[in-house]
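Computed from heavy atoms alone, side chains included, the values below leave out hydrogens, waters and symmetry copies. Throughout, residue positions are numbered sequentially from 1 according to the sequence presented.
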Amino acid sequence: MNSFSKFFESNTFSLIRFFSISLIVCHSPFVISQGINFELVYGTHSFDDAKCIIQTLDSGYAVVGSTSGFGSGLSDVYLTKISKTGMVTWQQAIGGTGVDKGNSIIQTPDSGYAVVGYSNSSGNGGYDVYLAKTDKNGAMQWSKTYGGSDWDFGNRIIRTLN
């Protein structure tokens, strides 16, 4: 059984719980209806968290956080796309060999995603702001770190006008 199958079979992570947390953290401007449309529970055998959820142009959801259950480092940025019916469309672990965390996400005009957080896998020392851009399927297009030799964190990303 591969690590992605194990990821979905574990029940250590509650989407409902992180929906609540993410709505507070992201201040996402989407309408909350009464009742539960779906409930999805998943996670790994390790530490997983979700920091931000947004509603996407196709009425689904995109989620960013971190995972230490799969990927290439101590923890990696965790990015996933969920359909409007609650099915996981794709997921991605992004990062290097150290600690990489995702804190905020936006959907870009090309239907891709931009994620901000922090990393000590690369950069100028300590933790640096980590910014990554993916396509609409979660494939990495580019990533960059910003900061000095001390600790620098990216907590929220917003879209600006061109």
- Of all heavy-atom pairs between I105 and I54, which one has the smallest distance, and what is that distance? O-CG2, 3.5 Å
- Query: Do L131 and T145 come close enough that some side-chain heavy atom pair is under 4.5 Å?
  - Reply: no
- Query: From N120 CG over to L74 CG, what is the distance, rounded to the nearest 0.5 angstrom?
  - Reply: 7.5 Å
- Only residue of S143, S121, S66, S122 satisfying side chain to side chain contact (heavy atoms under 4.5 Å, CB included) with D100 is S121
- Hey, quick one: are V63 and V88 part of the same hydrophobic cluster, counting side-chain heavy atoms closer than 4.5 Å, chains of contacts allowed? yes
- Task: Kindly give the heavy-atom pair with the smallest separation between S72 and G95, and that separation in Å.
- Result: OG-O, 3.0 Å
- Message: Are the side chains of C52 and R156 in contact, using a 4.5 Å heavy-atom criterion?
- Response: no
- Item | K136 NZ: over 12 foreign heavy atoms closer than 6.0 Å | no
- Query: Would a line drawn from the ring center of Y127 to the ring center of Y118 be shorter than 6.0 Å?
  - Reply: yes
- Query: With a cut-off of 6.0 Å (strictly less than), are more than 12 heavy atoms of other residues, nucleotides or ligands near CH2 of W90?
  - Reply: yes
- Linking I/L/V/M/F/W/Y whenever any side-chain heavy atoms sit under 4.5 Å apart, do W151 and Y146 land together? no
- Message: If we check side chain to side chain contact (heavy atoms under 4.5 Å, CB included) with Y113, which of these qualifies: T108, I106, T134?
- Response: T134
- Message: I need the Q92 CD to T80 OG1 distance, nearest 0.5 Å.
- Response: 10.0 Å
- Item | The single option from V64, D76, L79 passing side chain to side chain contact (heavy atoms under 4.5 Å, CB included) against I94 | L79
- Task: To the nearest 0.5 Å, tell me how far D152 CG sits from D128 CG.
- Result: 5.5 Å
- Heavy-atom pair with the smallest gap, counting every atom of Q107 and T56: OE1-CA, 3.3 Å
- Rounded to the nearest 0.5 Å, the CG atom of N137 sits from the NZ atom of K81 at a distance of 10.0 Å
- Message: Looking at every heavy atom in both K51 and G102, which two are closest together, and how far apart are they?
- Response: CG-O, 3.4 Å
- Of all heavy-atom pairs between K133 and G112, which one has the smallest distance, and what is that distance? NZ-CA, 3.9 Å
- Message: Given 3.5 Å as the limit, does a donor-acceptor pair link the side chain of S68 with the main chain of F47, or not?
- Response: yes
- In Å, rounded to the nearest 0.5 Å, how long is the span from CD1 of I82 to CD of Q55? 12.0 Å
- Query: Can M140 be reached from V115 by stepping across I, L, V, M, F, W or Y side chains whose heavy atoms are under 4.5 Å apart?
  - Reply: yes
- Note on the structure: Nearest heavy-atom contact between D48 and G69 is OD1-N, 4.2 Å
- Check whether any side-chain heavy atom of F70 sits under 4.5 Å from a side-chain heavy atom of Q91, and report yes or no. yes
